[in-house]
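In what follows, a structure is listed as structure tokens, so that the remarks can point back to it.
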Amino acid sequence: MSFNTKKIKKNAFRITKDREVTALRIRVPGGHIDAHYLSLIKEIADEHGDGTLHITTRQGFEVPGISFADFEEVNEKIAPILEGMEKEIGVEIVDPGDGYPAAGTRNVSACIGNRVCRYSNYDTTELAQEIEKNIFPNDYHVKIALSGCPNDCIKGHLQDFGILGMIEPIYHQERCIGCEACVDNCKKRVTSALSFEQERVVRDEQRCIGCGECILQCPTNAWERGGQFFKVVIMGRTGKKNPRLAKPFLKWASRDVVISIVNNVYDYIERHIDTSLAKEHIGYIVDRTGYPQFKEEILKGVELNSECEIADKINWNGYQTGEKI
Amino acid sequence: MSFNTKKIKKNAFRITKDREVTALRIRVPGGHIDAHYLSLIKEIADEHGDGTLHITTRQGFEVPGISFADFEEVNEKIAPILEGMEKEIGVEIVDPGDGYPAAGTRNVSACIGNRVCRYSNYDTTELAQEIEKNIFPNDYHVKIALSGCPNDCIKGHLQDFGILGMIEPIYHQERCIGCEACVDNCKKRVTSALSFEQERVVRDEQRCIGCGECILQCPTNAWERGGQFFKVVIMGRTGKKNPRLAKPFLKWASRDVVISIVNNVYDYIERHIDTSLAKEHIGYIVDRTGYPQFKEEILKGVELNSECEIADKINWNGYQTGEKI
Amino acid sequence: MGFNFSKNEFNQLLESLDQEYQIYAPVRKKKKDSFSANDLITYDLVKSLEEIELTAKSKYSAKEIVFPIRETLFHFVEGEQFMASDTDDKYIIFLRPCDRNAFKRLDKIFLENGPEEDIYYKRLREKVKFFVIECTTGFDSCFCVSMDSNTVESRDYSAFLRFEEDGVSCEVNDQDLAAEFEAQAKEIDFEPEFIRKNKIEVNLPDRDKLTNEVFEHQLWTEYSQRCIACGRCNTSCPTCSCFTVKDVLYDENKKSGERFRRWAGCHIDGFTEMAGGHNFREEYGDRMRYKTMHKIYDFGERFDFDMCVGCGRCDDVCPEYISFSKCINKLSTIIEEGV
Amino acid sequence: MGFNFSKNEFNQLLESLDQEYQIYAPVRKKKKDSFSANDLITYDLVKSLEEIELTAKSKYSAKEIVFPIRETLFHFVEGEQFMASDTDDKYIIFLRPCDRNAFKRLDKIFLENGPEEDIYYKRLREKVKFFVIECTTGFDSCFCVSMDSNTVESRDYSAFLRFEEDGVSCEVNDQDLAAEFEAQAKEIDFEPEFIRKNKIEVNLPDRDKLTNEVFEHQLWTEYSQRCIACGRCNTSCPTCSCFTVKDVLYDENKKSGERFRRWAGCHIDGFTEMAGGHNFREEYGDRMRYKTMHKIYDFGERFDFDMCVGCGRCDDVCPEYISFSKCINKLSTIIEEGV
Amino acid sequence: MALTAEKSLKNPYLSQKAEILEIFQETEIEYTFRLESDFELNFGQFLEVSIPGYGEAPISVSNFTDQWLELTIREVGKLTDKIHNLETGDFLYLRGPYGNGFDFENYRDKNLIIAAGGTGLAPVRSLIEYANNNLDQLSDFEVLAGFKDAGSLLFERDINRWRQNFDVLLTVDKTCDIWGECVGLITEHIAELHLADIENTEVIVVGPPPMMKYSIIEFQKLGVPDDQIWVSYERKMHCGLGKCGHCKIEDNYVCIDGPVYNYAEVKEIRD
Amino acid sequence: MALTAEKSLKNPYLSQKAEILEIFQETEIEYTFRLESDFELNFGQFLEVSIPGYGEAPISVSNFTDQWLELTIREVGKLTDKIHNLETGDFLYLRGPYGNGFDFENYRDKNLIIAAGGTGLAPVRSLIEYANNNLDQLSDFEVLAGFKDAGSLLFERDINRWRQNFDVLLTVDKTCDIWGECVGLITEHIAELHLADIENTEVIVVGPPPMMKYSIIEFQKLGVPDDQIWVSYERKMHCGLGKCGHCKIEDNYVCIDGPVYNYAEVKEIRD
């Protein structure tokens, strides 16, 4: 058996523990999939794989147990998936029969979002697909996850970009019955950004994380669902050396800003990546260039909305592995 | 429409944005599933849902768009899933036709593990199923994720328990050709635990995280795959108040120790949970009782293997939300 | 007098009425409900037929126009009290029969209960003309027929309107308005129609069989497990009339301030709290019992009809999926079958 | 002389041989390969037939028994040199024809190349008896037939064994051992069989057509993109004989130390590094070219057969899935079709 | 439309200013304020008392004449704190009176027993004063007053005065040697009462809910029929006008239908 | 089996001790060590030189007689650092000689030109010495020696001595006014050579790979045929015995087949 492993890996196949056998990774942008694709995925698992599937932590499917000999055939078979789940949302796919054109930039993952979840502030699936359209295919290793709200169920805090939905809550005193449900909830579950003073609710804009729970709590719609924004946390990671939490980069960023900065990432990587390494992840590039450089380049040409706040500096800490517990 | 939302949520159905409509969450212990279940899942999505599926961040399926009116029928339909994916692995399910008996303890998630991945140090699926058997069904809110190696692709660092596979690498100088592939790799990708001194490799046991990459790198099997252990990182979380990374609790723990401590968690929660809250997550309980108390109770009756190291203290830091960026 | 309007003509009528009246009707506010991307159906000013939402029930009733959620009673300036002014505005409110009937309940409390009229309610209420929207199909959660509030007597509305595919047919009772209607439309024969059967029927409990044991039935303790005391059933209810009066002195100048009232709800913590902190009905199930009895029993004991008009809004908004109609039926069954 | 053993009898033979010989054969070490839970097939001491792994190719060859991965040459004590001792052990090595032929290559280098014999190799080599495992089907990556190393001449083995379902048939050439064989088994006629066709065939390039341009062909630059210079093709190769000599003085007492040699590989960084740091063949593709030419051309130019025996281990272990047999065939095609 | 100055419109929510004439300290946290007054009052009625900007609270009139009324106010919150800072000559804002009060006709020529617990003495104080001054209009009269402890005793000066004319049984829940009075719960002392002519006896029970509940049980044990027992309920009488709903119990608005009820009418009533 | 002391067995890897007789500093980092020797040597051969515990290195013999040999050693690593710390009377460990060396018969009675770059002068130094002492055995003799700079000049005392008998063209790559010699690359000076009798001319080129490559091109331009050019290759001659493989180029083991080659034989050889 002979093939270029780099090519096959870019083609979203994996080099596995079993020399003869590969595993195919199927992207599911935003983690949302039409059920009809399941028939095809099952067929591939049954006919080419070992009849099982792994659901990836990025919300894709991995089909293990595929013979390397079959990989072109499998590529042809998954054409409808590339056609429907990538090309149709705008991703440039030259020939869907050739399989995935890249695997470096990972599947854009997303929580279930406001199509279902009461807490979500936006349609994560839609934005995931929009971002997928802009950044895929691309070989650079970038991980993006979209969370409907700052609760971050999708765990964007361990991604290169965690994009968390925010909503500006607008208070209408004339509709407030002073039940303080929003205040109590914010104290208990959020950041104590609300207080009840002079018989009205006062919002500390500094503390407010835009989760929108006050809106959800209110029995009279005294809290209006205002502008839709995003918090962007960056450069979280697991990994063997220095697992660390992503930290806030932008708060109250507009959808356009989010899309623009994500698009800008690739130029930044292009300029700074250490090509002597197999694949340098963006977090390590930022470690090298420093945050101010990253910030400057990532914001180049981005028209910031007036509400948007930017971190002056970021200290990721995390912890160093390889130390006494 | 009238029903007890608490019951329906325990039954793994969700209260959604659409009042008439629920979403079913299907557990997939370890994220590994026989492909044949896809037919049933597709059928439920098509006949009862909206024809789409969301893949959850915990590697389960969520079937949105199910009418609340259908939920008993759906429960009956998923009986084969409960039968095959829960009961058969040893989970006590009284009547598979009643749907999921609990939803508090979340699906035990796991990376693809050593059935496929070259880096994994153990069979994550098998251990996930073993743990699922021990802890499910249970209403307490506990999140467990299993990673095959300390790279933690499954993001156990944002879970209550991240269980990361370790391997003890045993060096055989008589097989070493001094190529230093292990040393270079450990420097570049791991913790610089290896050095080449006096024409042999020296391993700093303190720094070694047991990832096993040295074993993988060696062209002569001079590194032998020794004992299989686990690193357990605990009490990571996202959330609105204080997202934080899990921190190491145990290193070089045996499989039995891992299973025992996870089993002990529930008694600890039982003793300390604040029942006045809707559902207190274990991380916040540990915040209240303090780590030493947690440590004492979680290790009660656990026979620690001699290699096992335990953290004296843990400081999770993370960051407080609701502050100026 | 009956009239028929084309849509255009009706819009001309609205334009004409708009000169003199604030016209309130249910509208659809895109993506403005609590859950993101959900529309809020609520009362607001309209100027055209197209703005009126006729396909969905409003989350809140028209109550808030006449009994504002928060209403200043007095301004305080250096200890002197000045009654808050009202406006010269006159109002037209588009509403369905149940909601029109709800105003009869509010009228009872604010204008007839106790020795004095509520001046604040009254001064607004007097300026309102009701345009009843014909409602023959209702919505899933409605049970107005069971509550006898599916019909409206003609003295209780200024106009009764049937919205049709290509226009509006209506009846006008109000002589002040007749001219304006005539100006825009042709006369027709018009007979109001009312819904005669809802999807949901409730059986009101037999008053004579109500025993003390009913109050202690586990029905209510079950609700303690479910109800979260959020008060949405109160705030969405077109007949809930409770309020709390509060004073405030302004931060900027503590010599100025106001006394205002705002809606209160018997499900919400603090409703019964007395000076010193004692509360009655700490258990949420007791609040459910209290409200239930109030809506279908106590009010009726005091006046000549039940308070609840069966609009079903409390069912629509309950985050815990508690159904009031189901509660009534459960209660009736319990009473019927003996505790 | 041919013999047939039941399994039991063969085990008795092994037991008997074990008195005098260290018996090496491929064994399966459970879950001991690099990837977790994978078995390692490698050479080790055996005492019974059951321990011998006959269904899978060993990852490393028997080479390491005679040419240890790391071998002390001298001990140093206060500047004095003491040659490292060898043992009195004698060895029996079970191996397939390709691997037996590999030893002919090693013999060439260590015993015939240059003016002197390699004393360390020789002193071990002399103590080895080869038991050739009959191999008629080979494995997927084998191409011994193309490399002319599918057969073994009878002078090149002490015994030739056919492992059968219920025992072992064999031929014994070695008079020292004949008695032991006779003692355990019945005589039979035995004719060794050899594989005559592998799944893979390689066409060796026509030596006369080899031009300078071949060295610059993009074939090699393509390998620069793929090869990661890990050296597994070298360490798994039964014919790679390169080594590096190193000195060390012990940390505990710097007056003592040793000079040892250990395997070197032409793919591994530093192989050509001279004092001062200059390296030849920095590009990995050049290393691939160098190795290829060495295995199928240079060695043959110098001696009378090619170095490569077609065991296919380099294909089995390459983490980048580079196939040596494919490389040879590509090279031949290029040469045949002109660069 | 212009702002409407305070008295230009009949507005039942509007309070009127009343000057503080005198302040009496009752306990550490309770003071009695005597205010100028032209209200027409009945025993047991209450007023909505406020200071603009600090809120309103229902306060029982604890005594009154044509010229003044008294309010006994415990310091429990923002408004009462503020009130306690007032001095003679300052103003309180009052509206009312609200509630039915005790109709003396129900007790005329009867044996009247008033059992009051703690602050429950305030709403009946004016009735006791009337009785004290008109003992001839009653066949017999006795007051049982229970307090948590000596420190919470109200109207000490009145009690001493009243005792000159009729029996006042004073109890203190907790042991206390300053007062030589009965120690124990008021209920224990009710059991010891000797009711000669039950048919002709009327009982008024006012106080905190548990005190009322158990006191009534004791009176019932003594044979007093429900319709000869009178109670005054304390609820959140917030508007005083039967509008705001806070004081409603079943179909009763305590602020207009109560606070005084014949026990027979309300014995099965439930909050 | 007991340990085998050093000389009890014929072991080609075994080194023999050699005393340091004299040490000459050549440059800042290069010294020439004169050692006692009974090796039978040819010009251009090399030895494996070691200090036990510090490793071995192939070093060209830069001069020899029956009694001694010289090794010119640059300080480049662990072993050579250690060697540079030795003093007269200390020992080095030697085995060899290895390689073919220059066979003088190939040059006898010819016009011999030796072009040496930098340390390339070491392996030909013994040959130059021989020629210097036996100029009659050559038809003509000329040495071109190029150095990077004045500081890296080797064998200065020898060059001055040789110049008394034959032409030594000395070049320094970089400008330098200490030395009044030619400045520039050695290749530039080869082009200026006037070769009268090419048929009878033999050329030896030794030095770093680029120097050798371009020098050969220049000689070829002058018409010198490949088979009259001789080179000495430096590779990683690690064992010296044709076993270890490090010095192999194509089918050549430099340690045994070289390091001296007739250029015609190796001109297409590739590392």
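Just so it is clear: chains get the letters A, B, ... in the order the sequence lines come, proteins before strands, and each one is counted from 1.
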For a 4.5 angstrom cut-off between non-hydrogen side-chain atoms, does C/Y60 reach A/R175?
yes
Separation between CD (A/E199) and OG1 (C/T244), nearest 0.5 Å, reads 9.5 Å
Pull out the residues in residues 110-118 of chain A that come under 4.5 Å of chain C, heavy atom to heavy atom, sorted by number.
A/N114, A/R118
Okay, C/D33 and chain A: the region with an atom under 4.5 Å from a heavy atom over there is both
Hey, does the side chain of C/R262 reach the backbone of A/I177 with a donor-acceptor pair shorter than 3.5 angstrom?
yes
Which residue out of C/K29, C/K59, C/E71 racks up the most heavy-atom pairs below 4.5 Å with chain A?
C/K59
Residue C/F260 versus chain A: region with a heavy atom under 4.5 Å:
side chain
Distance from C/R70 atom CZ to A/H172 atom NE2, nearest 0.5 Å?
14.0 Å
Contact list (residues 220-232 of chain A to chain C, heavy-atom gap under 4.5 Å, by number) returns A/T220, A/N221, A/E224, A/R225, A/G226
If one checks every heavy atom of C/K32 against chain A at 4.5 Å, the contacting part turns out to be both
Structural part of C/L40 lying under 4.5 Å from a heavy atom of chain A:
side chain
Of all the heavy-atom pairs spanning C/V248 and A/Q198, show the shortest one and how long it is.
CG2-O, 3.4 Å
Taking every non-hydrogen atom, the tightest pair across A/C179 and C/I268:
CB-CG2, 3.9 Å
